[in-house]
Structure formats: structure tokens, C-alpha cells
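The structure under discussion appears below in the form of C-alpha cells.
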Amino acid sequence: MPGPLSEAELEKMDAYWRAANYLSVGQIYLKDNPLLERPLTVEDVKPRLLGHFGTTPGLNFIYVHLNRIIRQHRANMMYVIGPGHGAPGIIANTYLEGSYTELYPNIERNRDGMKRLFRQFSWPYGVPSHDAPEVPGSISEGGELGYSLLHAYGAVFDNPDLIVPCVVGDGEAETGPLAASWHSNKFINPITDGVVLPILHLNGYKIANPTVLARIDPDELEALFRGYGYQPYFLEGDDPKTMHQRMAALLDELYAEILRIQRHARENHDATRPRWPMLVLRTPKGWTGPHEVDGKQVEGTWRSHQVPLEEVRTNPEHLKILEAWLHGYRPRELFDANGTLREELADVAPKGRLRMGVNAHSNGGQLLVPLVLPGFRDYAVDPGTPGSKEVSATRVLGGYLRDVMRHNLGTRNFRLFAPDENASNRLQDVYAVSGKAWDARLESTDEHLSADGRVMEVLSEHLCQGWLEGYLLTGRHGLFSCYEAFIHIIDSMFNQHAKWIKSAKELHWRKPIASLNYLLSSHVWRQDHNGFSHQDPGFIDHVANKKADTVRIYLPPDANTLLSVADHCLRSRDYVNLIIAGKQLSPVWLDMESAVRHCSTGIGTWDWAGNDDGDPDVVMACAGDVPTLETLAAVTVLRAWAPELKVRVVNVVDVFTLAPVSVHPHGLNEEDFNRMFTRDKPVVFAFHGYPTLVHKLTYNRANHGNIHVHGFKEEGTTTTPFDMTVLNDMDRFTLALAAIRHTPAARHRLDDAEQRFSEVRQQHKLYVSEHGEDMPEVRDWKWTAR
Ligand SMILES: Cc1ncc(C[n+]2csc(CCOP(=O)(O)OP(=O)(O)O)c2C)c(N)n1
Ligand SMILES: [Mg+2]
């Protein structure tokens with residue numbers, strides 16, 4: 001069949017593809033005899049057959065053809081694959097192009113190296129079976145499906161020369177995040193951003209079922225993608241030679257179309273949303289694998305998803321099929337007697353930095369330019385006497401973030417991400433510097449929308465998270481602000497990113513990247529108008545499970561501490577930082593220098609709030625803005641209910657200071673912890689989240705038996721701010737009563753305190769029921785020094 005490839009070129013590309021397929025099958029099955037220099041025996045086969053063949057030949061086919069485009073045009077391409085279980089294919093290709101051996105010199109490009117390449121795959125202490133940080137050229141942990149397109153789009157923001165072909169599995173395409181991801185094209189600026197070329201890999205099957213997109217009518221499929229704003233190109237077939245010619249021709253056309261779109265946009269300064277091309281590639285699942293096994297069709301069906309032949313070690317017939325399958329790729333034509341790829345095939349791959357295995361963006365830390373940060377002290381709020389002034393902490397932070405944005409406009413390496421909540425979380429000041437990215441129709445009533453915007457707002461936590469991950473992994477910076485309750489939507493994506501960071505840190509060649517920063521506002525205690533559905537502080541617990549050297553949790557009690565924490569987080573590398581701070585008016589407790597000192601230790605005694613003279617009867621501890629407010633109010637309640645009680649106030653910003661230093665690097669050492677919390681005095685602890693976390697972190701502290709934690713108990717509704725704390729027994733009166741109850745020296749006060757408590761609680765209930773707001777003495781309460 002005629003096409004752009006000469007006969008020789010076609011032969012070479014096909015051979016190279018066979019080599020990639022051969023190496024992929026070798027990784028799944030073999031631990032020895034890598035070049036089949038002797039008849040295959042059971043001893044050559046791995047004891048545990050792990051891996052996925054079905055998707056791999058398709059991924060390899062695409063890789064080989066992208067290589068051709070890169071060579072011809074010196075294109076800057078990074079490959080993202082959704083079906084990450086096809087890692088053997090990517091490993092094979094990076095090995096063939098040489099990038100694998102450069103990063104892992106023990107995997108030499110000869111017989112021994114090939115044997116090690118095969119053996120290490122899915123082998124204890126070897127390499128994982130999925131696309132993972134260990135895989136050269138990858139930014140997408142492919143174990144959990146659904147995020148490929150988001151990572152690809154995140155990568156091309158502000159990278160105008162980058163092209164990211166992104167393979168979407170047709171099964172993966174059924175996931176929620178992926179289904180929403182297609183809309184990313186409305187957030188791309190053709191002048192200043194790069195291009196994602198989605199390649200829907202319609203191999204027809206998932207693990208055990210057909211895929212929806214493979215079984216709808218072609219016109220429905222086309223309409224679907226046109227509806228998403230793409231121009232779909234279709235390619236279908238299974239005859240390798242024909243497919244090589246047609247794929248080469250099609251990629252030439254697609255590449256030309258991409259350049260045409262970019263040229264038009266850039267020469268005319270016209271950012272109008274183009275109809276970006278995409279490819280729908282329909283090839284058989286398990287292409288080139290055994291067609292039939294035990295009388296059942298395997299190639300072209302779901303049966304080829306993992307290991308098409310499972311009984312190789314026990315069934316001689318299967319061993320024979322495997323041997324014939326491997327020989328079918330004609331390895332002698334591909335590798336020389338030493339096991340090195342034949343020289344005439346090597347130039348199918350591009351050279352040097354152009355190889356996808358070493359694309360600079362895929363190891364984004366190499367490209368990381370630190371943010372230029374304004375002095376956060378310039379945004380400080382003067383508190384006057386502690387707590388006398390009320391501000392929205394996140395609004396104050398918004399002013400700082402506006403200038404972070406401003407200072408980094410030139411480098412174009414900072415973006416904010418929010419699921420339609422940026423202004424709701426009070427970060428709207430940033431619009432003075434940069435609007436919201438939007439490349440769909442504009443109406444005269446719209447505000448702050450532009451194709452050039454750097455605030456990414458879309459009502460999908462998945463999209464925000466996935467874009468940000470892609471942006472960070474390619475060496476940029478960002479912050480994701482979200483309602484606290486709904487951040488749970490991306491729990492699993494957070495897991496995967498945290499795992500990525502953990503594993504990447506263990507690889508010498510992966511450079512540190514900017515941390516993933518969450519700002520959770522509209523938090524559990526101040527969801528006054530939204531109620532129970534919006535009240536959930538559980539993300540803290542979720543984050544706390546991850547590796548100590550990867551996660552940080554901050555609960556700044558006021559605006560100044562929030563500024564200090566944010567500055568720290570934006571400078572940090574290779575962490576996930578979780579910051580929780582309210583957006584409602586709330587007291588400022590510390591002046592800026594005290595805030596900086598407090599945040600640098602992460603925990604501290606607030607001497608100005610206590611009266612313990614170094615020897616308290618009770619420790620009142622708090623973490624979070626509302627718990628801090630209630631704790632300080634409880635201190636003033638105690639002055640009336642038990643005036644002689646010596647109270648110490650401890651405030652926690654950095655939750656992990658509570659953990660032993662053996663568990664988390666931020667943990668207080670035993671001595672400091674005991675000095676602060678005492679060894680034997682009661683501790684009443686008001687905590688932003690679920691109380692169990694404090695217990696979990698402090699369970700082996702000397703004084704753990706005396707720590708009484710008050711936090712969210714899953715009681716919520718649409719009610720007043722103070723009533724929320726009452727419903728969950730974290731209000732000032734409950735905290736004061738608990739202090740008296742647990743302090744032996746105050747026992748004689750208990751009856752009286754209980755009486756006062758029940759009266760005030762009754763009064764509160766009646767007042768809020770009748771007036772719909774909190775009692776004046778609660779609303780107007782202010783901290784007063786003793
Ligand atoms: C979110 C998620 N759910 C389920 C799985 C288990 N899983 C692994 S591969 C696979 C099928 C993938 O099918 P497809 O995307 O079509 O990939 P391919 O056919 O190319 O292998 C499934 C369900 C997963 N990895 N991630
Ligand atoms: Mg599939």
C-alpha cells in the first residue's frame with residue numbers, strides 16, 4: 001500500500017516495533033535465555049507471571065510512530081499513557097532508544113542487560129509493573145486509571161512548544177475523571193500553551209468486558225468527540241504493514257494540523273478556541289500475541305488483557321506457544337549476537353534530548369525555577385491586643401497570592417486551581433493580576449475570564465487536582481483551594497501523587513519538584529449556610545496516613561500564621577502540604593513576628609493567654625482557628641468558674657509536632673513534649689478534625705492517658721457557628737467544664753460548674769432557636785487579659 005514510508009523505512013519501523021514487542025513479552029515471561037539462543041524451557045520462565053500484554057503492542061506502535069515525527073521535525077514530545085499497566089512497552093522503548101540504560105547503567109544494551117531487564121520486571125525489589133516514577137519519560141502513575149489526559153493538559157500549560165500525545169484507554173475513558181477531562185481543551189490557550197494530542201486506544205476491551213466506546217455506532221463516537229470540541233481522526237486495522245503506512249500518513253496530517261493551528265493563533269494573536277485534532281486508534285487488544293489458546297480466541301479479545309498464556313510452566317503446549325510467539329518477532333533480525341539492537345534499526349529512535357525517555361519536562365524538577373515570593377510580612381495584620389481585630393484569613397492570603405502571581409507572570413510558572421470556589425474562598429484579589437482561564441464563548445456579563453487567565457476554575461475537583469499534578473510534575477508551582485468537605489473527591493488522586501513523590505525521592509535521577517499545596521477553606525466549623533453535607537474534616541486523617549517525609553498538615557490559627565505557613569509551603573519541595581484555614585471573619589491572635597516564631601516551631605505555649613507560671617493545673621490545647629477561638633473563650637470562662645485554676649494554653653499549627661520524632665521528622669522530642677503538655681496534668685484538646693487523630697499521634701506520649709480531645713463528632717446541620725461547636729462538644733463551656741472535671745485541684749468546683757454549664761447550654765439552645773443567631777455574649781465575646 002502506498003504511503004509516506006519507503007519500503008526500507010517501513011521495514012525498519014516494523015522491525016523496531018517487533019523489537020519493542022519482543023522486549024515487552026520477554027519482561028512478562030522470561031528470567032533467562034533472553035535471546036532464545038537455546039530452546040525455551042520451563043527454567044527460563046518466571047515463577048510468577050505478572051504484567052499486562054493486551055494494551056502493550058498498541059502503545060509500542062504509537063511510540064515508534066511518534067519517534068518518526070520527533071526525528072523529522074525535532075518535535076518536543078512527551079508521551080503520557082493512560083493504560084499504565086502497559087509499562088513493559090514504555091520500558092522496552094526507552095531501553096531501545098538508550099535512555100533506560102543511561103538512567104540505569106546496570107541494564108546494559110547487551111545480552112546480560114536484556115536478561116536483567118526481563119528479570120527485574122515485576123520481580124521482588126525489581127521494577128513495578130505499571131507506569132511509575134521508575135519509568136523514564138513518565139509523569140503519570142498509570143496504576144489507577146483516569147488521570148492521563150489531566151496530567152497531559154497540566155503539562156502543556158505554559159509550555160508552548162511541548163506536544164503531549166496522550167493515550168487514553170477505552171476502559172479508562174469510562175472513569176469519571178477521564179470523562180470530564182475532555183473539556184480541558186476549553187482551558188488551553190493556543191498561543192501560550194502547548195498541545196495535547198489525545199489518542200483514544202479503542203482496543204475494544206477492559207479486563208473482562210467490552211468497552212462502551214468500542215460498541216457504540218461510529219457516528220455516535222464521532223459526534224461525542226466533536227461535541228467535546230475535537231476533530232476526531234479515525235484509524236482502524238490489524239495488518240501491520242498497512243497500519244504502518246496509514247499511521248505514518250495520519251500522524252503527518254495531524255502534526256501539520258497542529259502546526260497550522262498554532263501558527264494561525266500565534267501569528268494573528270488569535271486565541272479563539274481551535275478544534276484540536278485527536279486520534280481514535282482501533283487495533284486489536286493483544287495485537288501480535290497468540291491468536292488462540294486452548295480453543296479460545298485471545299488476540300482481539302479481553303482474554304489478552306494480562307498474561308495471554310498463564311500455564312507456561314505447567315502446560316508444555318503453552319510453553320510451545322510462547323516460544324513460537326517470541327520467535328514470531330524474529331529476534332535474530334533485531335538484535336546482534338551480543339544482544340544489542342542492530343545498528344541499522346537504532347536510528348528509528350531520535351537522538352539525545354529528543355528521546356521521549358529523557359524529555360526534560362518528564363523530570364520536571366530539572367526545569368524548576370523557584371518562585372519569586374513577595375515578603376509575606378508586608379501583608380501582616382496588626383492584631384492590636386490579641387483577638388481584638390477580626391479579618392478573613394484567606395482574604396488576607398488572597399492579597400499575598402495576588403502578588404505571588406504578579407511576581408511570577410514573566411516566568412509563567414504559577415497557577416491557582418479551584419473548583420469554582422476561588423472567590424468563595426476569598427482569593428478573588430488575584431483577579432487584579434490574572435483572570436480565569438477560559439477559551440469558550442464569552443458573554444458581556446462575564447468577569448475576569450480570558451484565554452490568558454492563570455486561575456483555573458472548573459467545577460471538577462478531579463480536573464483541578466489532575467491539572468495541578470501535571471503542572472507540578474513538569475516543574476512548575478501551584479495551589480489548589482477547595483471546600484474542605486469536597487476535597488475528599490480526590491482522595492485517591494492525592495494517594496497516587498503522594499506515592500509518586502515517595503517513590504520519586506528514592507530515584508537518584510528524579511529531581512525535586514514543587515510541593516502540592518492544598519488550601520482548604522469553607523471548613524467544617526463555618527459551613528453556616530450549607531449544613532451537614534459540607535461538614536467533613538476527614539481529609540486530615542487521610543493525608544496523615546501517608547509517608548512522614550512526604551506530608552505536612554498545618555492548621556494556622558489566624559491570618560498572620562496563615563501567611564507564614566503559605567510562604568513556607570510555596571518554597572518547599574516534594575511534599576504534599578495541607579493547609580486548613582477559615583474564610584470567615586476571625587480574630588488575629590499573634591503579631592507577625594510572633595506568628596513566624598510560632599510557625600517555625602509549629603507548636604507553642606501562648607504565655608499571654610495562660611496564668612500557669614510554669615506549673616499548670618490544666619493544659620488547654622488547640623489546633624485550628626475555631627478550636628483556638630473556643631479554647632481562648634474557655635480560658636475566660638474558667639476565670640469565672642474556677643478562678644484559682646492555673647491554666648496553660650498550647651497552640652498547635654503543625655499537626656505532626658504531636659507525633660513522636662521517630663514517626664515524623666516534625667515530631668517534638670519527648671522532653672519538649674513533656675515540658676509543654678506535662679507528664680501528669682490533664683490536657684483538654686480542642687481539635688479541628690476528628691479527635692481520633694490526636695490520640696493516634698500521641699498514643700505513646702507519657703501523658704497520653706490525660707489527653708481529652710474534643711473535635712468533630714459527625715454532628716452537623718445548617719446552624720449558627722457557635723451551635724456547631726456545641727453540637728460537637730467543642731464549645732467554650734464544654735471545654736471549661738472538661739478542664740474542671742479532669743483537674744483534681746478543681747473538683748470542689750465541679751457541681752457548681754455543671755450547674756452553670758447546663759444553664760448556659762439551655763440558654764444557648766433557646767436563644768438560637770428563637771433568634772436564629774448566637775447569643776450576644778458569644779457573638780461579641782473578645783479576649784481580655786486577666
Ligand atoms: C480506577 C481504576 N479502576 C480499576 C482498575 C483495574 N484495571 C486495571 S486495567 C483495567 C482495564 C483497563 O482497560 P483499558 O483502559 O481499555 O486499557 P487497555 O485495554 O488498553 O488495557 C482495569 C479495570 C484500575 N487500574 N484503575
Ligand atoms: Mg481497552
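Just so you know, these numbers use all the heavy atoms, side chains as well, and skip hydrogens, waters and symmetry mates. All ligand and atom numbering here is 1-based and tracks the order in the structure. Keep in mind that what you see is a predicted model, and the values were worked out from it rather than measured.
The side-chain heavy atoms of F234 and L221, taken from C-beta on, include a pair separated by under 4.5 Å.
Checked against the Mg ion (ligand 2), the N, O or S atom of D170 at the shortest distance is OD1.
Judged by the 6.0 Å and 45° rule, R552 forms a cation-pi pair with Y575. Relative to the ring axis of F157, R415 places its NZ or CZ within 45° and under 6.0 Å from the centre.
A donor-acceptor pair is defined here as one N or O able to donate and one able to accept, closer than 3.5 Å; such a pair exists between the side chain of Y230 and the backbone of W182. With hydrogens and angles disregarded, a donor-acceptor distance shorter than 3.5 Å links the side chain of D170 to the backbone of N203. Here the side chain of N577 pairs no donor or acceptor atom with the backbone of S515 at under 3.5 angstrom. D217 places no side-chain N or O within 3.5 Å of a backbone atom of E220 that could act as its donor or acceptor partner. The backbone N or O of H462 lies less than 3.5 Å from no partner atom in the side chain of Q465, so there is not a single donor-acceptor pair.
Considering both main-chain and side-chain atoms, D170 comes within under 3.5 Å of ligand 1 through a nitrogen or oxygen pair. For a threshold of 3.5 Å applied to N or O pairs, the pair formed by T175 and ligand 1 contains no separation below that value. In terms of N/O distances under 3.5 Å, ligand 1 is not approached by P83.
Among the atoms of Y205, an N, O or S atom falls under 2.8 Å of the Mg ion (ligand 2). Residue side and main chain included, E172 places no N/O/S atom under 2.8 Å of the Mg ion (ligand 2). Coordination check, T211 versus the Mg ion (ligand 2): failed, since every N/O/S atom of the residue sits at 2.8 Å or beyond.
Looking at E11 and Y16, their side chains never bring a donor and an acceptor atom within 3.5 Å of each other.
The closest protein non-hydrogen atom to atom 2 (C) of ligand 1 is L145 N, 3.8 Å. Looking only at heavy atoms of the protein, atom 25 (N) of ligand 1 is closest to G143 O, 2.7 Å. Of all protein heavy atoms, the one lying nearest to atom 23 (C) of ligand 1 is I207 CD1, 3.7 Å. In terms of protein heavy-atom proximity, atom 20 (O) of ligand 1 is closest to T55 OG1, 2.7 Å.
Nearest-residue assignment for atom 18 (P) of ligand 1 (options K285, E172, H130; heavy-atom criterion): K285. Residue H85 holds the heavy atom nearest to atom 17 (O) of ligand 1 of all those in H85, H201, K206.
Remark: atom 11 (C) of ligand 1 lies closer than 4.0 Å to at least one protein heavy atom.
The six-membered or imidazole ring of W467 lies away from that of H151, with a centre-to-centre distance of 6.0 Å or more.
Each of the following atoms of ligand 1 lies closer than 4.0 Å to a heavy atom of G171: 13 (O), 14 (P), 15 (O), 16 (O).
Residue N203 touches ligand 1 through its side chain alone, judged by heavy-atom distances below 4.0 Å.
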